[in-house]
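Quick note: numbers below take in every heavy atom, side chains included, and nothing from hydrogens, waters or symmetry partners. Order of the sequence lines fixes the chain letters, A, B, ..., with proteins taken first and strands second; residue numbering starts at 1 for each chain.
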Protein chains: 2
Amino acid sequence: MLGTTKERAGMPAVSAEEGHTAGTGTGRRRAGRPSAAVLDKAGITTAALDLVSRKGYDGLTMAALAKQLEVAPSALYNHVASKRDVLLLVEDHLTSLVDVSAFGSKSWEDAVRTWAWSYRDVFAEHTPLIPVIAVLPVTDAPQTLAMYETVSKGFLDAGFPEERIVSAIVALESFIFGSAYDVTAPGDIFEPGSMADANPHFTAAVRSSAGPGRPADTAFGLGLEALISGLGALRGQAG
Amino acid sequence: MLGTTKERAGMPAVSAEEGHTAGTGTGRRRAGRPSAAVLDKAGITTAALDLVSRKGYDGLTMAALAKQLEVAPSALYNHVASKRDVLLLVEDHLTSLVDVSAFGSKSWEDAVRTWAWSYRDVFAEHTPLIPVIAVLPVTDAPQTLAMYETVSKGFLDAGFPEERIVSAIVALESFIFGSAYDVTAPGDIFEPGSMADANPHFTAAVRSSAGPGRPADTAFGLGLEALISGLGALRGQAG
DNA sequence: ACCTGAACACCGTTCAAGT
DNA sequence: ACCTGAACACCGTTCAAGT
């Protein structure tokens, strides 16, 4: 489980000790097993998040991650089987940041609203993880599973038929992931430019769609409210 | 526009001609400009689609694409600026396969249903394109723009307020793209395994959710019907 | 068990040289 | 204008050697 490990490897040790040349942070460890492990999954996760926040996902390479942790790239493979494993660690950490607190304290509608906006906002900053999440078995992601547990209980307590809960969550999540991409799109993505004349109805729709706030937020709010009212109608029904 | 070019470069020329050693398909062109261009965008698109269908997106490399077309990898850069350009060509071709025919012939609800299912089915087989589409300016994708034009006209003719059309399409598309990923997920993605005891409500929901058909189809149908009824309520209203 | 260092089999992309 | 061939600056991953 993340967060329960004894060692803290988020900050690499730079103190002078055996296996480490003294002095500045440029010192190299010599080959061979160090007296204490310098890496663990929690430290790798922290370093990966830090790297992503500074350099983006293009900058998240195994070599850069190793450099940040002051180890050789191959050392990472003692703790993760692949780069995909690193992305899973990051994904599971981010999921723990999603706000599920409204389930149990607010109405079902408000709880879904709070959860969905928070979920979208978190992953809008991390869209390269979306292809990974979508295919991720929940067994490999304890925080993600914990989120589903809280949401499922909220749906059940609100009178949602048990056999429809997974489908409803999947539908909401699909909308959330797709909408996370929209946030990253350029503002003029729909500007028809020189193709305007050949596409008059769409061009008129684009030109008249300007409103307050970000377009991605308008579309997300519109779709989310439709899903909440449509799915909400299932409460109290039999399967 | 795709499909209107005179040259056909989908099948590379293997006939013996100047700049080409005679005989089998293993012949090498010698350096220098050939008397007739061997590449064009339509041929690159066809070759990329063929490669993807045979080897998947992991197999779509510039080197493999060049090999399929019997040119050196660097030759591709006379016709596309980057690999992303190749993905755009493929994306725009695939969009032309989406069924928009029900707009203008069926009810708004049926037209949206037909379009959405078709759109999801096409891109479920091509999920690696989704991050590309989501950020793609429509000017660069004429077929994609044409699809939006048809859909916009269908919405307008059904009494949809013009200033909400783009948001409604974006919301539907977001749901469609997110749902396309679900189709590719393993069937046991939600199986809690050893974590079942700690997550009883979710586990019960997963165990009771088995129904006829693919789970991804059940969730897509549920969300799509919610979106259709929620968005459909906007027809005839003012902005 | 857990590091280093060297190596492997790739990648996308650039560019001079050739016709 | 549009090809070839060589090169560049990477990638993720493997594995023997070391402690």
Side-chain angles (χ1 to χ4, degrees), chain A residues 5-7 9 12-14 17-21 26-44 47-48 51 55-88 128 132, chain B residues 5-7 9 12-14 17-21 26-44 47-48 51 55-88 128 132:
Chain A
T5 33
K6 299 291 195 311
E7 312 85 23
V14 287
E17 58 179 34
E18 66 174 355
H20 209 287
T21 59
T26 65
R28 291 263 164 85
R29 239 182 319 274
R30 66 171 177 272
R33 184 191 183 202
S35 52
V38 305
L39 294 178
D40 63 19
K41 287 189 181 186
I44 291 170
L51 195 52
K55 311 269 186 177
Y57 278 89
D58 285 351
L60 178 57
T61 67
M62 296 302 270
L65 185 55
K67 188 168 196 175
Q68 168 114 348
L69 289 161
E70 294 185 357
V71 295
S74 53
L76 294 166
Y77 291 88
N78 290 305
H79 302 269
V80 295
S82 64
K83 181 174 179 178
R84 185 170 179 278
D85 263 16
V86 174
L87 296 179
L88 292 192
V132 175
Chain B
T5 34
K6 299 292 196 309
E7 311 85 25
V14 288
E17 58 179 34
E18 65 175 354
H20 210 285
T21 59
T26 65
R28 292 261 164 85
R29 238 180 320 273
R30 65 170 177 273
R33 184 192 184 202
S35 52
V38 307
L39 293 179
D40 62 19
K41 288 189 180 185
I44 291 171
L51 194 52
K55 310 269 186 177
Y57 278 88
D58 284 352
L60 179 56
T61 67
M62 296 301 270
L65 185 55
K67 187 167 195 176
Q68 168 114 349
L69 289 161
E70 294 186 358
V71 295
S74 53
L76 294 167
Y77 291 88
N78 290 305
H79 302 270
V80 295
S82 63
K83 180 174 180 178
R84 184 170 180 278
D85 263 17
V86 174
L87 297 178
L88 292 191
V132 175

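What you find for Arg29(A) and Val38(A) is that their closest heavy atoms are NH1-CG1, 3.7 Å.
Applying the side chain to side chain contact (heavy atoms under 4.5 Å, CB included) criterion to Asn78(A), with sequence neighbours excluded, gives no partner residue. Scanning for side chain to side chain donor-acceptor pair (under 3.5 Å) contacts around Tyr77(B) gives an empty result, with sequence neighbours left out. Residues satisfying the side chain to side chain contact (heavy atoms under 4.5 Å, CB included) test with Arg84(B), not counting sequence neighbours, are Ser82(B), Leu88(B). Not counting sequence neighbours, the partners of Ser74(B) by the side chain to side chain contact (heavy atoms under 4.5 Å, CB included) test are Ala72(B).
Atom OH in Tyr77(A) sits about 17 Å away from atom P in dA16(D), given to the nearest Å. Atom CG in Leu87(B) sits roughly 12 Å away from atom C1' in dG12(C) (whole-Å rounding). Per the geometry, CG belonging to Leu60(A) stands 13 Å off C1' belonging to dC11(D), to the nearest Å. When the P atom of dC11(D) is taken as reference, atom NZ of Lys67(A) falls 11 Å away, rounded to whole Å.
Counting only Watson-Crick and G-U wobble pairs whose two key distances fall under 3.5 Å, DNA chain D forms stems of three or more stacked pairs at C:4-8 with D:12-16, C:12-16 with D:4-8.
Remark: the backbone N or O of Val86(B) is not paired with any side-chain donor or acceptor of Lys41(B) at under 3.5 angstrom.
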Open item on the list: Return a single string for nucleotides 2-10 of chain C, one symbol per nucleotide in 5' to 3' order, where B is base contact, S is sugar-phosphate-only contact and - is none, cutoff 4.0 angstrom on heavy atoms.
Closed with: BBBB-----
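Put simply, the side chain of Lys55(B) does not reach to within 4.5 Å of the side chain of Leu60(B), judged on heavy atoms.
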Task: Evaluation steps, side chain to side chain contact (heavy atoms under 4.5 Å, CB included), between Lys67(A) and Leu51(A) - done: CA-CA 10 Å; Lys67(A) 188 168 196 175; Leu51(A) 195 52; over 6 Å; no
